[in-house]
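For reference, positions follow the sequence shown, starting with 1.
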Amino acid sequence: MDTSGPWKNRLFASAVLLAGLHGCGDREVIHPNADNRPPRDAATISRDSLPDGLSAESLAAWRNAREAILSAHATLNLGSQEPGPELFSYVSDAEIASDGNIVVLDEFTQEVRIFDPSGSYVDGFGGLGDGPMELRAADHFELLPGGRIAVPIGNSGRVKVFQRLDNEWTLEEMLDFQVTPTTWRPTICAMDNGQLFATGLAEASNTVINGPTGAIQRFGEGYRHDDTFIRREMSSGSIECLDDSARIVFGFHYMPVVRMYSALDGGIIWTSAHADNEYLQVSVVEGVSEIGTTSVSFRQHEMDSDRLALLAQIGQGGHVLLQNSRILPEERKIVAQTYLLDAVTGAGAFLGDTLPPILSAQADGYIAVFEDPYPRLEVRTFGPGREFSDLPESGSSL
């Protein structure tokens, strides 16, 4: 499916030129290099129709999950061409809260808008600016216990946490994860208890997952490279917290590697990687000036390439939905490539390229975004008998 719209704007704009290449000797470098390739025992994310290496029980659960995702149907459409709260400019995130309300972030207007389960507007907050209730460069959010909403502010490493008091939204607190700014904005995720984690490279330790409080502050290995620019950009990634299991899944934006970590001690649980020749790696060009200054650019404008777009828990923590955006510069379009991973082993397989971009997933469905004929959302629900709460978890018996 052609998923131009919002993904096109962001991903074509994310081409990186960290320093000028004038007068430099350029050389193309293949990444990930030998120091960063996945281990030999990494699980495989394949474009085959079924994942390898799963037990009969786990494979049955995976197949049931796949059928639920592919057969989901729209139960609510949200979006309009008429003036009002449903007139969206650029929806970059949407989630369903515990009370059934739909929370939507319009990245262009920097507004969080809240709709009830029928699609009627409730209230919201935001607007472009630096005031307590305003947002700047926000592109996603995380729902917290007690109806609170956490919104990262650009690539600053700061997160604003909002709460509703006496029917009015207020700023509860500002968190600072103290991460190194990169071209990609940090992503956040939250456990059921409200504990937040954020991506972002910690230079001293070369770690990529960060918590503002607690004994384990930083974990997850970043990209290994002597050059600061390359280490920062190649270490960028997205995370998803798996509810009730103290696990965090991390995926690199610029390389085909996904890892699962324990949020309790930072230990790695598994590594998985896209099968050889099935992931289109972006070309990275390095240059060194006469005075020894290093520059780097990612040539995503010049070649077809894949980029991580989504990691989402789906169901009760037994599976992870992964979408890559396949950028096709000559055709000026982006096609969503959807995979389903077993959360116990990391093994996954291809669901196809017909699903639209997915913004978030729930136990009984997901939210998809469309740009044609105008920006709109679809809340899609699994059919009768396909609720994930009724499916066996990966690794359990049928």
Chemist: Hey, are Glu107 and Arg113 close enough for a salt bridge, meaning a charged N less than 4.0 Å from a carboxylate O?
Modeler: no

Chemist: Any chance you could measure Leu311, atom CG, to Cys241, atom SG, to the nearest 0.5 Å?
Modeler: 11.0 Å

Chemist: What is the ring orientation for Phe125 with Phe162, classed by angle as parallel under 30°, tilted 30 to 60°, or perpendicular over 60°?
Modeler: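 Plane angle between 30° and 60°, so tilted.
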
Chemist: Going by atom types only, do Asp123 and Trp169 share a side-chain donor-acceptor pair under 3.5 Å?
Modeler: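 Asp123 vs Trp169: donor-acceptor pair found between side chains.
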
Chemist: Do His274 and Tyr339 have ring centres separated by under 6.0 Å?
Modeler: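 Yes - the distance between ring centres of His274 and Tyr339 falls below the 6.0 Å cut-off.
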
Chemist: Looking at Arg376 and Glu378, is there a salt bridge between them, counting it only when a charged N and a carboxylate O are closer than 4.0 Å?
Modeler: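 Result for this pair is yes, salt bridge flagged.
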
Chemist: How are the rings of His225 and Tyr223 set relative to one another: parallel (under 30°), tilted (30 to 60°) or perpendicular (over 60°)?
Modeler: parallel

Chemist: Report yes or no: do Asn101 and Asp99 form a side-chain donor-acceptor pair below 3.5 Å?
Modeler: yes

Chemist: Would you say the side chain of Pro51 lies within less than 4.5 Å of the side chain of Thr44, judging by non-hydrogen atoms?
Modeler: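 The answer is no; the side chains never approach within 4.5 Å.
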
Chemist: Checking side-chain polar atoms at under 3.5 Å, does Arg224 have a donor or acceptor matched by the opposite partner on Asn36?
Modeler: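 Distance-only check fails for Arg224 and Asn36.
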
Chemist: Would you check if there is a donor-acceptor pair between the side chains of His253 and Ser238 at a distance under 3.5 Å?
Modeler: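 Short answer, yes.
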
Chemist: Determine the minimum heavy-atom distance between Phe382 and Ala72, stating which atoms define it.
Modeler: CD2-CB, 3.8 Å

Chemist: Among Glu142, Glu172, Gln163, whose side chain to side chain donor-acceptor pair (under 3.5 Å) with Arg148 holds?
Modeler: Glu172

